[in-house]
Amino acid sequence: KKGKFEGAQSGTILLDEIGGMPLSLQSKMLQVLQDLQFSRLGAKKDVQVDCWIMAATNQDLEQNIKEGRFREDLYYRLNIIRMYIPPLRERPEDIKPLIHHFREQLAANAGHSGFEFTPDVMDFFLRYGWPGNVRELKNVVGRLMLLGDWNTLKKELMGRDTGKISQPELDFRPS
């Protein structure tokens, strides 16, 4: 069975949440990146790696290096082109387009349309801190579209928010 690197042959592989990779696996990853090959368990022949590698994390890898939780050599092997994407709470102008995208995507998958969020809900979304970033936003949009339980969801969100919201009870009505 092909693994992730073989499946990405001549393409791109995304190493998501690389900052959470255990040190024991980091050394193996470094070996693959240095040699551009790996060997399957029990195999007699190495497999060549020919793909672009993208790594993503929400952790401060430089701080993790100082604390001994991330290998410095792996960091420099991966850190060729660095892109910083600010968290969603720092770019509220992206919230409405993302909500529209997720709403359309989920409506198409569910086979229905015509779902709208009230202005109060949209205002809440714009002022919420989104500690889970875009993944949390997508989950919340999907949950509201499927269950429509705005009051319960709002209470959950307010319980984990970064203190950005203080407002009265909001109304939610699917159209």
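The model shown is predicted, which means the values in this text are computed figures rather than measured ones.
- Linking ILVMFWY residues whenever their side-chain heavy atoms come closer than 4.5 Å, directly or via other members, leaves L23 and I65 in distinct clusters.
- In this view, E72 satisfies the side chain to side chain donor-acceptor pair (under 3.5 Å) rule with no residue, not counting sequence neighbours.
- Note on I99: it does not cluster hydrophobically with I85, by side-chain heavy-atom contacts below 4.5 Å among ILVMFWY residues.
- Residues passing the side chain to side chain donor-acceptor pair (under 3.5 Å) test with T152 are D149, sequence neighbours excluded.
- Using a distance-only test at 3.5 Å, with no hydrogens or angles considered, no donor-acceptor pair links the side chain of R77 to the main chain of Q34.
- With a 4.5 Å cut-off on side-chain heavy atoms, W150 and T118 do not count as touching.
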Original post:
Passes side chain to side chain contact (heavy atoms under 4.5 Å, CB included), Q9 versus K2? Steps please.
Top reply: CA-CA 10 Å; Q9 193 69 10; K2 285 186 177 182; over 6 Å; no
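- To the nearest 0.5 Å, atoms CD1 (I18) and CG (L61) are separated by 8.0 Å.
- L15 and M54 fall into different hydrophobic clusters, where Ile, Leu, Val, Met, Phe, Trp and Tyr residues are linked whenever their side-chain heavy atoms come under 4.5 Å apart, directly or through other members.
- The two residues I13 and A8 come nearest to each other via the heavy atoms CB-CB, 3.7 Å.
- Residues L36 and I53 fall into different hydrophobic clusters, defined by Ile, Leu, Val, Met, Phe, Trp and Tyr side chains chained together at heavy-atom separations under 4.5 Å.
- No donor-acceptor pair under 3.5 Å is formed between the side chain of N133 and the backbone N or O of R135.
- The backbone N or O of S10 lies less than 3.5 Å from no partner atom in the side chain of D50, so there is not a single donor-acceptor pair.
- Rounding to the nearest 0.5 Å gives a distance of 14.0 Å between CG of D94 and CZ of R89.
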Subject >> Chi angles and distances behind the side chain to side chain contact (heavy atoms under 4.5 Å, CB included) call for L88, R91 >> reply: CA-CA 5 Å; L88 194 54; R91 47 191 177 98; 4.2 Å; yes
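- When atom types are taken as modelled, the side chain of Q26 and the backbone of R71 share a donor-acceptor pair closer than 3.5 angstrom.
- Residues passing the ring-ring contact (aromatic ring centres under 6.0 Å, His included) test with Y75, sequence neighbours excluded: none.
- Using bins of under 30°, 30° to 60° and over 60° for the plane-to-plane angle, the ring pair W130/Y128 lands in the perpendicular bin.
- In the hydrophobic cluster analysis, where Ile, Leu, Val, Met, Phe, Trp and Tyr join through side-chain heavy atoms closer than 4.5 angstrom, L33 is grouped together with V47.
- Minimum heavy-atom separation, T57 to Q59: OG1-N, 3.1 Å.
- A pairwise comparison of heavy atoms in F5 and C51 identifies CD2-SG, 4.0 Å as the closest pair.
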